[in-house]
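For reference, the structure is listed below as structure tokens.
Remember, predicted model here, so these are calculated numbers, not experimental data. Scope of the values below: all heavy atoms of this structure, side chains included, with no hydrogens, waters or symmetry mates.
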Amino acid sequence: LWPWLLASSGLSALVQLVTLPFFPDSPSYLLIQKGNEEACRKAIRKLWGEGDHQAEIDDIMKEKGAMASTKTLRVLEVIKERSLRWQLYILMTVMTTLQLCGINAIYFYSFEVFHTAKFEEYLIPYVSLGVGLCECLSSILCSTLIDRFGRKVLLWGGYLLMCSVLALLTMTLSLQHRFFWMHYFSVILIFLFVVFFGIGP
């Protein structure tokens, strides 16, 4: 079953490979990059149907004008530019914390935690699959919450809850030889951590 499950990810790639040649080019690409207004109008009609789409074309033209007046910076120029320094610091902090938040360790050690929790050997891969499904569902949930609460609240809340779960998980793993129910609590915490990761970072 697992080889088929892994191979199934190639199905979406195959569908895209077959169908993408029949999709129209992006209107903004045709107008901004290619400078072909007629092809842009044709693509808009194909995407949105017949009608007067002059407003959309005007918006693309404004975007083209804004891009023309914006200077493209090289990497060293971005680093030296004082006006971009805070954005750069924030971006680097978010990306660093994303890599060091512990999600990779959770995925790496979850098999051992499930094994210690006395799950049957044949069930552990399915429980691991459930962990991945939790992350997928929580990411979908995040897309509905982000407009209501904003990115900052979700980031801070996600990291705060993840820290709390990791502290509890450290405690349950330390006490798992004293209390038999700690194993199951550790499993619940793993699922919670993955959910908070999907909602937050």
Which word best sums up how the rings of His177 and His183 line up, parallel for under 30°, tilted for 30 to 60°, or perpendicular for over 60°? perpendicular
Could you walk me through whether Leu155 and Thr97 satisfy the side chain to side chain contact (heavy atoms under 4.5 Å, CB included) test, starting with their C-alpha distance in whole Å, then the side-chain angles of each, then the deciding distance to 0.1 Å, before giving a yes or no? CA-CA 10 Å; Leu155 274 172; Thr97 52; over 6 Å; no
Which distance, rounded to the nearest 0.5 Å, do you find between the CD1 of Ile90 and the NZ of Lys152? 8.0 Å
Compare all side-chain heavy atoms of Glu81 with those of Val78 and state whether any distance is below 4.5 angstrom. no
Shortest non-hydrogen separation from Pro21 to Val18 and the atoms involved: CD-O, 3.5 Å
Is there a path of hydrophobic side-chain contacts, each under 4.5 Å between heavy atoms of I/L/V/M/F/W/Y residues, joining Leu133 to Leu192? no
Is atom CZ of Arg151 surrounded by more than 12 heavy atoms (other residues, nucleotides or ligands) closer than 6.0 Å? no
Please give me the minimum heavy-atom distance between Val94 and Tyr159, naming the atom from each residue. O-OH, 3.9 Å
Are Phe193 and Leu161 packed together at the side-chain level, in the sense that at least one heavy-atom pair is separated by less than 4.5 angstrom? no
4.5 Å side-chain heavy-atom contact, Leu98 and Phe197: yes
Distance check, rounded to the nearest 0.5 Å: Leu154 atom CG versus Leu141 atom CG? 9.0 Å
What's the spacing between Trp86 CH2 and Leu91 CG if we round to 0.5 Å? 14.0 Å
Could you walk me through whether Leu31 and Asn36 pass the side chain to side chain contact (heavy atoms under 4.5 Å, CB included) check? CA-CA 5 Å; Leu31 192 57; Asn36 192 338; over 6 Å; no
CG of Leu137 to SG of Cys142: how many Å apart, nearest 0.5 Å? 13.0 Å
Just by distance, do the side chain of Glu63 and the backbone of Ile60 share a donor-acceptor pair under 3.5 Å? no
Run the numbers on Met171 and Met182 for side chain to side chain contact (heavy atoms under 4.5 Å, CB included), then give the verdict. CA-CA 9 Å; Met171 187 177 68; Met182 281 291 182; 5.5 Å; no
Is the count of non-hydrogen atoms from other residues, nucleotides or ligands lying under 6.0 Å from Tyr107 atom OH greater than 12? yes
Would you say that more than 12 heavy atoms from the other residues, nucleotides or ligands in this model lie under 6.0 Å from the CD of Glu112, or not? no
Taking all atoms of both residues into account, what is the closest heavy-atom pair of Glu77 and Arg74, and its distance? OE1-N, 2.8 Å
Do Leu169 and Val113 come within less than 4.5 Å of each other through their side chains, counting heavy atoms only? no
Do Met162 and Cys101 come within less than 4.5 Å of each other through their side chains, counting heavy atoms only? yes
In terms of heavy-atom contacts, does NZ of Lys64 have more than 12 from other residues, nucleotides or ligands at under 6.0 Å? yes
Measure the spacing between CD1 of Ile103 and CZ of Phe108 and express it to the nearest 0.5 Å. 14.5 Å
Less than 4.5 Å apart, side chain to side chain, heavy atoms only: is that true for Phe114 and Ser110? yes
The test is salt bridge (Lys or Arg N to Asp or Glu O under 4.0 Å); show your working for Glu37 and Arg41 and say whether it passes. CA-CA 6 Å; Glu37 188 172 336; Arg41 290 180 185 276; 2.9 Å; yes
Got Leu88 and Arg85 here, is their nearest side-chain heavy-atom distance under 4.5 Å? no
Scanning both residues in full, the closest heavy-atom pair of Pro27 with Ala43 reads CG-CB, 4.2 Å
Out of curiosity, Lys62 NZ to Ile57 CD1, how far, rounded to the nearest 0.5 Å? 13.0 Å
Trp48 versus Glu56, closest heavy-atom pair with distance: CZ3-CG, 3.5 Å
Do you know which of Phe179, Trp181, Tyr184, Phe185 makes side chain to side chain contact (heavy atoms under 4.5 Å, CB included) with Thr172? Phe185
Connected via hydrophobic side-chain network under 4.5 Å: Val131 and Ile188: yes
Under 4.5 Å between side-chain heavy atoms, counting indirect links through other Ile/Leu/Val/Met/Phe/Trp/Tyr residues: same cluster for Tyr109 and Leu175 or not? no
Report yes or no: do Val75 and Met92 belong to one cluster of Ile/Leu/Val/Met/Phe/Trp/Tyr joined by side chain heavy-atom distances under 4.5 Å? yes
Side chain to side chain contact (heavy atoms under 4.5 Å, CB included) evaluation trace for Cys40 with Ile44: CA-CA 6 Å; Cys40 172; Ile44 287 175; 3.9 Å; yes
Trp156-Val195 co-clustered via ILVMFWY side chain contacts under 4.5 Å: no
To check you understand the geometry: which heavy-atom pair defines the closest contact between Asp25 and Tyr29, and what is its length? CB-CD2, 4.3 Å
